[in-house]
Amino acid sequence: MAALQEILGLQVDAGLLELALTHRSFAYENGGVPTNERLEFLGDSILGQAVTVMLYRDFPLLPEGDLAKRRASLVSTAALSEIARGIGLGRFVRLGRGETLTGGRDKSSILADTVEALIGAVYLDTGVESATRFVKRLLQPMLADPGHFGVSMDPKTSLQETAARLGAGVPVYTVAESGPDHSKVFVATVSVGTAVTATGEGTSKKHAEMAAALTAWTRLRAVHR
């Protein structure tokens, strides 16, 4: 907990922080302990409000339509999971053995949900102003790179355009699905020639491919910097 609090840059009640990190798979395997789902619900609302106010204040000349697009980009699963990977959040999440063995620490949906739960925990422990500052600090890397707005909205097109510009090849996707019909999980893998391979997970084929594309785009840019 101390290591994570140092990464986050603020002190949060240890009990709330532990709860924010507790995925339902861990709870199921440990006698039904509380999960982070209620904190995630709260954090989603705080995140949306903080991003809306931040964009309104920081971009006074943007019309409503552009503000809405940027907000959707910044609160998307793809964006939140990238933020989580950037701070190494996956290693702190409390997962059940099954989720751990199937790569849960790098699943976009789990990472994004945990970020929202952390925001909820910060809000409950330190108040709305502190939570808003926390959200802005998390989003700062994306705000400093305007290209991320478009990429998070349409990562498949961005990946294709970047791959073509770099001569890296055409992105090729494969998708696998698992789980019952009412709760399917899709895992997409995208390969860009021999340069990059990345995976993404989501509740639909489209969302899984978008998550994979965003990860591949980030890696491709890093390789060719």
Side-chain angles (χ1 to χ4, degrees), residues 3-4 7-8 23 25 47 51 66 69-93 95 98-116 118 137-179 184-225:
L4 178 58
I7 291 171
L8 298 179
H23 186 255
S25 63
L47 171 66
V51 169
D66 288 341
K69 289 179 181 178
R70 293 196 176 198
R71 179 178 59 192
S73 171
L74 290 170
V75 303
S76 68
T77 296
L80 294 178
S81 61
E82 185 177 354
I83 289 168
R85 292 186 181 99
I87 63 175
L89 184 60
R91 63 193 173 104
F92 297 102
V93 181
L95 294 175
E99 276 291 356
T100 300
L101 292 175
T102 56
R105 297 192 186 282
D106 195 47
K107 286 185 179 179
S108 295
S109 59
I110 291 177
L111 291 175
D113 290 348
T114 305
V115 170
E116 291 179 336
L118 283 174
R137 188 162 66 250
L138 288 177
L139 295 178
Q140 194 56 49
M142 287 193 170
L143 292 170
D145 183 1
H148 260 100
F149 287 118
V151 172
S152 293
M153 289 297 293
D154 190 359
K156 292 183 68 175
T157 298
S158 297
L159 175 61
Q160 184 173 339
E161 292 174 347
T162 301
R165 187 176 72 253
L166 298 174
V170 178
V172 177
Y173 295 85
T174 58
V175 180
E177 61 181 81
S178 61
K184 281 192 176 297
V185 175
F186 295 82
V187 178
T189 301
V190 59
S191 298
V192 185
T194 58
V196 170
T197 298
T199 60
E201 180 254 347
T203 55
S204 69
K205 178 181 176 182
K206 177 183 177 181
H207 289 158
E209 289 183 342
M210 288 175 64
L214 180 58
T215 300
W217 178 84
T218 302
R219 292 177 182 174
L220 191 61
R221 286 213 316 171
V223 168
H224 288 273
R225 278 179 180 168

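Along the sequence shown, the residues carry numbers beginning at 1. Owing to the predicted nature of the structure, the values given are computational and were not obtained by experimental measurement.
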Summary of salt bridge (charged side-chain N to carboxylate O under 4.0 Å, His left out) pairs that have at least one residue in residues 165-175, sequence neighbours excluded | none
Flag, side chain of R71 to backbone of V51, donor-acceptor distance under 3.5 Å | no
Who pairs with R85 by salt bridge (Lys or Arg N to Asp or Glu O under 4.0 Å), at least two apart in sequence or on another chain?
-> D106
Interatomic distance, CD@E116 vs CG@L118, rounded to 0.5 Å, equals 10.5 Å
Sequence neighbours excluded, the answer for side chain to side chain donor-acceptor pair (under 3.5 Å) partners of T102 is none
Drop me the distance from E82's CD to L111's CG, to the nearest 0.5 angstrom.
-> 11.5 Å
Can you check whether L166 reaches V192 side chain to side chain, under 4.5 Å on heavy atoms?
-> no
Can you give me every donor-acceptor pair (side chain of residues 172-179, partner residue at least two apart or in another chain, under 3.5 Å) with its distance?
| unit_1 | atom_1 | unit_2 | atom_2 | d |
| --- | --- | --- | --- | --- |
| E177 | OE2 | K184 | NZ | 3.1 |

I87: what forms a side chain to side chain contact (heavy atoms under 4.5 Å, CB included) with it, not counting sequence neighbours?
-> I7, L8, L89, L138
How close do I110 and G104 get, heavy atom to heavy atom, and via which atoms?
-> CD1-O, 3.7 Å
Identify the two heavy atoms, one from W217 and one from S158, that lie closest to each other, and give their separation to 0.1 Å.
-> CD1-O, 3.7 Å
Looking at residues at least two apart in the chain, or sitting in another chain, which of them share a side chain to side chain donor-acceptor pair (under 3.5 Å) with S109?
-> E201
Can you see which heavy atom on T77 is nearest to which on S108, and at what distance?
-> CG2-O, 3.8 Å
Main-chain N/O of L159 paired to T162 side chain as donor or acceptor, under 3.5 Å | no
For A79 and L214, the nearest pair of non-hydrogen atoms, with its separation, is N-CD2, 4.1 Å
Of all the heavy-atom pairs spanning A198 and T215, show the shortest one and how long it is.
-> CB-CG2, 3.8 Å
Using a 4.5 Å cut-off on heavy atoms from C-beta on, say whether the side chain of V93 contacts that of R105.
-> yes
Spacing of CG belonging to L80 relative to CG belonging to L139, to within rounding of 0.5 Å = 7.5 Å
At what distance, to the nearest 0.5 angstrom, does OG1 of T114 lie from CD1 of I83?
-> 13.0 Å
Side-chain donor-acceptor distances from residues 205-213 under 3.5 Å, at least two apart:
| unit_1 | atom_1 | unit_2 | atom_2 | d |
| --- | --- | --- | --- | --- |
| H207 | ND1 | S204 | OG | 3.3 |
| E209 | OE1 | K156 | NZ | 2.7 |

Closest heavy-atom contact between A168 and A195?
-> CB-CB, 4.4 Å
Applying side chain to side chain donor-acceptor pair (under 3.5 Å), name anything that partners T189, two or more places apart in sequence or on another chain.
-> none
